[in-house]
Amino acid sequence: MKRRTQEITKYFRSAVSAQANMGVDFKVDNYHIINLEELLRGEVTAAICEEIFVDAQKNTSNDEDEARKKSSLHVIICAKTIKTIFDANSKVQDEIEELTGLFYIPAVLEKDGKLKFDDGDKKLPWFPREYLQPMIEPKLAIGDADSLDKFMSNHVDQIEKIQSWSDYVAFFQELYESVTDSKFEQKTIRNLDAKEPYFELENNMYVFLDKTVIATYHILNLYNYLQENDQPNALYENFVSTKVEATVPLFDNTLATMQSHCGQMGGKYPLSPSQREVVNHFNAMRDGDILAVNGPPGTGKTTLLQSIVADMYVKRAINKEKAPLIIAASTNNQAVTNIIDSFGKIEPTGIANLEERWIEGVKSFAVYFPSARKEKESKEKGYQYTNQKGEFFVADVDNKENIEKSRTRLVKSCNEYFRSKYQDISACQNKLHEELLFVEKSKDTLLSLAHEFVPYSLDEEDINNCIRSLEAQIEERKTLIAKLRQRVREWEQCYQKIPFLYRLLNFIKSFSKKIQTEFRLFINNEELGFINEYMSLDEIKEKYSLRLIDFNTILSEVEKKKKAVEEIKKQYDDMLTQLQQHHIILHKNDEDKKYKLQLDYINNLIDEKIRYVEFWLAVHYFECRWVRGEDTLSEQQKGRNFKNVLEQFYNRLSMLAPCLVMTFFMLPKQFLAYGDQKKFYLYDYIDLLIVDESGQVSPEIAAGAFSLAKRAIVVGDIYQIEPVWSVNRALDKALAMANGAIKELEEFALLEQTGLNTSNSSVMKVAAKCCKYEKFDDRGLFLSEHRRCYNEIIEYCNELIYKGNLQPMRGKGKQDKKLAIPQWPQMGFKQIDSDNSIRKGSSRLNKLEAEQIVAWLKNNFSFIEAAYPDEKKKENLVGIITPFKAQVKCIEAELKKQMPQHYSFISVGTIHTFQGADRNIIILSTVYGKLDGCFFIDANKSLMNVAVSRAKDNFFVFGDINCLKDVLNSASGLLKKCVDSGVL
């Protein structure tokens, strides 16, 4: 591996490592207060202990009875916190947050109040890395990272010998004093990088429930191995390179690109032009390439990913190769489970029994690899989930009984579809492959016929009209030719009528003038351009003979065209007949468009009919290979991670479900293999890495995974919610310098420019610099057709964020005859007079606003239900979004109070909780009063972009409209303009 790559690898690893020991957010998490004596004694008072256990019950969504029975809890004690000093109601330490924790002690709290060392997980005390040197732009430095590392290295034996709370106290006191050079009992702590040599500390100590999971363990382990890897790795090196890829022009949708596209997972709709553009450019990728796709809300990112997965799957089936190994990953479970949900909801179009699984126990084209903590939830939600050991879903389907049932069902289903009498799986497999080749050839033939028709088609006329038009041209030419011949005869007759003497003596001027006079009188208007009276009859006939040659040539060409078009039609009709015999009716519900043979139209039709059938044929073809036992693991192999075992495991699983879904925190673990007496990662092994919601993924979390794949498609939107960065810019600079990623501070700008910094970037930003295509002056391709919201709604986002590059496709609500509630505007507001909101800690609430929102919903919910009779899930009807968590709780309380029958159907949350979701109606509770302003709404345009684009039919603002600005280039000012005319 190149030295530069190793330096970035080391830097990324350090950034991930720093995140494992971050501070606890006092603004977000509930805490309970204890004192120094309680900590040192290892015993919390009964009252506080009871409060903590009650708090734990409130924070447990599942198994609340089990939570109540718990005899112990994992807690974190913030033992050292900077005291905030105020002078004349202003903070003295401007750059230091209130309640800044410096030293954290993990522990176990028993129900009797006793504290214990966490001997199971062996979690150890920590200092937030951002407060340890080396650092850039220091605000607070209490020690240095080297001292901490040395202490830990020198005290491994002491850690192993911790038996009692007093042993643990001795350990964490010594640790604290060694790093900070301050006594544990002191009420001050030194500050190495400030004029003031110390900060005053709080007397209190704060106890939090331990919600931390060492989620980055597998990422760190992968980086450890990558630092030792000396083999080239094209995709990873591309990702971490500071070189910006040179752009190349986009290419058009041609016959070749259309024929290259083989599979489609859905048959309801064709790809949009921009989705097709992405598929075409994806098919041109080589190993090591990264394709960045900007996907604004509602532009069909999931459909695109399904198409790419289906396309790879079908091509592998056509070539009789192993199924592709495709991994879809993101950082949060919501993003990955959205993929699982969508890959399990392929709506059938009615093609015999083709659109169902022909084996037992499989219901989705995606399999989830959750963490151990998410396994129970995955089971409850009905996901197909497994792990590297092949437990759960894999164990359920890959047992002898299920395989035998599947064998019987597969043969039966195959015979039903083909009206055949096959006896074994091998025959079914051969027939399915033969059928797949036929359908693929039919696709190429149809496209070739449409391409051949291009020169003959005018104004997108259908082929019958084209033939009729050519027939009319032929008749017209024949009539013209007949007229020309007739006119020649008329000239001969005209000449014969001239006295013989004149004709004989035409060399005499007086006689020739008489002939010219006769000719002048006989010439008609049509002949003025090519005949004159001075010509002889032979010259006139010569002119007509030349015209006849031209006319006959044109006639011949038109006749050839007609013959060619008739041949195209004949082949097309033959193709339609053959396809119908193979269950494919190309024009089932649009017979009037049967002979519309335009290339783009046919290509769209092929998406819905032929590529979709190809996908299902590939599904059943791979099912046959699976049932026949390809790459079956022996009982001794199951659960092992030898390289050959993993290869068999992933091939067998990929035949059943072509998309394996996991978070980046779990991904490295799945590809850690064992062989030759050592562990190693399967670099360059995954055929395609899909990064979804990549605008929310920080680069250092995902980068390592790129080393495990050959190619990557990165889909996201940098204008939606950003990642939660765990490293601030000052610490980021320090880590970059300390690990050699930059040699001078000025070089940090290059990391930021290429997105390779860890404090304010995303995988989407990095992918953009790696992508060699550009659209709308931005790196990467762009999905532009928006179909979720009515035009009036999405135009807000288009103007606020997307520079008018979105194409609203749904139409205007007020022009839609199927509009659910025509009485209401698509964008509107309800005025709730309010001077100020109420601060609650770092949050805000507005009780009056909450009461009026719920009162309005109470009066209208039945009306809303009636307006959407086909909506199966009432939860999809209404969502309430607000900037503040305190307001969320306030609204939820009001819903339970005023609408006890319906409150569970109404989603309430902050903008972050609605990322990736949508509702028919969205209500925004602004919270702010008219005297507050609207800082949160205007602080980040991405937040309002997400909020508004959640609404399919209506977006309503509830609150005091006067809190919004009047400046149109602000998020609130534009919102005010858009809702101003829609008063509720």
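Scope of the values below: all heavy atoms of this structure, side chains included, with no hydrogens, waters or symmetry mates.
In this model, no donor atom of one side chain and acceptor atom of the other lie less than 3.5 Å apart for Asn876 and Asn920. Glu693 and Ser330 share no side-chain donor-acceptor pair at under 3.5 Å. For Lys412 and Asn353, the side-chain atoms include no donor-acceptor pair closer than 3.5 Å. Defined by atom type and a distance below 3.5 Å, a donor-acceptor pair is missing between the side-chain atoms of Gln720 and Gln696.
Between Glu630 and Lys322 the shortest side-chain heavy-atom distance falls below 4.5 Å. Two residues are said to be in side-chain contact when any heavy atoms from C-beta on lie closer than 4.5 Å; Leu653 and Leu660 meet this criterion. Using a 4.5 Å heavy-atom cutoff, the side chains of Asp398 and Leu633 are not in contact. A 4.5 Å side-chain heavy-atom check between Arg652 and Trp626 finds at least one atom pair inside the cut-off. Between Thr302 and Ile339 there is no side-chain heavy-atom pair separated by less than 4.5 Å. Residues Arg276 and Asn604 are in side-chain contact: their nearest non-hydrogen atoms beyond the backbone lie under 4.5 Å apart. Inter-residue side-chain proximity for Ser654 and Ile326 is flagged as unmet; no heavy-atom pair is nearer than 4.5 Å.
Side-chain atoms of Gln637 come within 3.5 Å of backbone atoms of Ser634 as a donor-acceptor pair (strictly under, hydrogens ignored). Proximity of a side-chain donor or acceptor of Asp607 to a complementary backbone N or O of Pro270 within less than 3.5 Å is not detected. With hydrogens and angles disregarded, a donor-acceptor distance shorter than 3.5 Å links the side chain of Asp311 to the backbone of Cys262. The main-chain N or O of Ala366 is found under 3.5 Å from a side-chain atom of Gln384 such that the two form a donor-acceptor pair. Formation of a donor-acceptor pair under 3.5 Å by the Lys363 side chain with backbone atoms of Gly382 is found in this model. Here the side chain of Thr257 pairs no donor or acceptor atom with the backbone of Asn253 at under 3.5 angstrom. Here the side chain of His786 pairs a donor or acceptor atom with the backbone of Pro297 at under 3.5 angstrom. Between the side chain of Ser272 and the backbone N or O of Gln275, at least one donor-acceptor pair lies under 3.5 Å. A distance-only check finds a donor-acceptor pair linking the side chain of Gln388 to the backbone of Lys669 [under 3.5 Å]. With hydrogens and angles ignored, the 3.5 Å screen pairs a side-chain donor or acceptor of Lys315 with a backbone N or O of Ser260.
When each of Phe418, Trp358, Tyr417 is checked for a ring-ring contact (aromatic ring centres under 6.0 Å, His included) with His620, only Trp358 meets the rule. Phe671 pairs with exactly one of Tyr650, Phe649, Tyr683 by the ring-ring contact (aromatic ring centres under 6.0 Å, His included) rule, that one being Tyr650. Across Arg625, Glu623, Arg628, a single residue satisfies side-chain hydrogen bond (donor to acceptor under 3.5 Å, both in side chains) together with Gln429, and that is Arg628.
Note on Asp918 versus Arg788: salt bridge recorded, some NZ/NE/NH1/NH2 to OD/OE distance being below 4.0 Å. Classification of Glu377 and Lys381 as a salt-bridged pair holds, one side-chain N sitting under 4.0 Å from a carboxylate O. Salt bridge annotation for Asp717-Lys301: absent, with no cationic side-chain nitrogen under 4.0 angstrom from a carboxylate oxygen.
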Walk me through whether Met265 and Val309 qualify under side chain to side chain contact (heavy atoms under 4.5 Å, CB included).
CA-CA 8 Å; Met265 200 175 288; Val309 169; 4.0 Å; yes
Run the side chain to side chain donor-acceptor pair (under 3.5 Å) test on Glu355 and Tyr612 for me, step by step, so that the C-alpha distance in whole Å, both residues' side-chain angles and the decisive distance to 0.1 Å come before the verdict.
CA-CA 10 Å; Glu355 303 163 278; Tyr612 177 60; 2.5 Å; yes
Applying salt bridge (charged side-chain N to carboxylate O under 4.0 Å, His left out), run through Glu360 and Lys405 and close with a yes or a no.
CA-CA 7 Å; Glu360 298 288 342; Lys405 284 182 181 178; over 6 Å; no
Verify ring pair (Phe, Tyr, Trp, His ring centres under 6.0 Å) between Tyr681 and Tyr225, making sure each step is shown before the conclusion.
CA-CA 8 Å; Tyr681 282 95; Tyr225 278 76; 5.1 Å; yes
With salt bridge (charged side-chain N to carboxylate O under 4.0 Å, His left out) as the test, would you mind laying out the steps for Lys710 and Asp687 before giving the verdict?
CA-CA 5 Å; Lys710 297 181 177 73; Asp687 291 302; 3.5 Å; yes
Step by step, would you call Ile327 with Ile690 a side chain to side chain contact (heavy atoms under 4.5 Å, CB included)?
CA-CA 6 Å; Ile327 304 296; Ile690 296 171; over 6 Å; no
Decide yes or no on salt bridge (charged side-chain N to carboxylate O under 4.0 Å, His left out) for Glu404 and Arg407, but give the supporting numbers first.
CA-CA 5 Å; Glu404 282 309 309; Arg407 187 187 305 277; 3.4 Å; yes
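Taking CG of Leu325 as the start and CD of Glu647 as the end, the distance is 10.5 Å to the nearest 0.5 Å. Atom CD of Gln264 is separated from atom CD of Gln306 by 8.5 Å, given to the nearest 0.5 angstrom.
The distance between the ring centers of His218 and Phe665 does not fall below 6.0 angstrom. In this structure, the ring of Phe365 has its center less than 6.0 angstrom from the ring center of Phe615. For Tyr236 and Phe706, the ring centers are positioned 6.0 Å apart or more.
In Glu321, the CD atom is crowded: over 12 heavy atoms of neighbouring residues, nucleotides or ligands sit closer than 6.0 Å. By the neighbour-count criterion of 12 heavy atoms within 6.0 Å, atom OH of Tyr269 is sparsely surrounded, having that number or fewer from other residues, nucleotides or ligands. In this structure, Asn319 places its CG atom where more than 12 heavy-atom neighbours from other residues, nucleotides or ligands lie under 6.0 Å away. Heavy-atom neighbours of Lys638 NZ from other residues, nucleotides or ligands within 6.0 Å: above the threshold of 12. The environment of CZ in Arg409 is crowded: more than 12 heavy-atom neighbours from other residues, nucleotides or ligands sit within 6.0 Å.
A tilted orientation is assigned to the rings of Tyr621 and His433, their planes being inclined by 30° to 60°. In this pair, Phe622 and Tyr313 present their aromatic rings tilted. The plane angle is within the 30 to 60° band.
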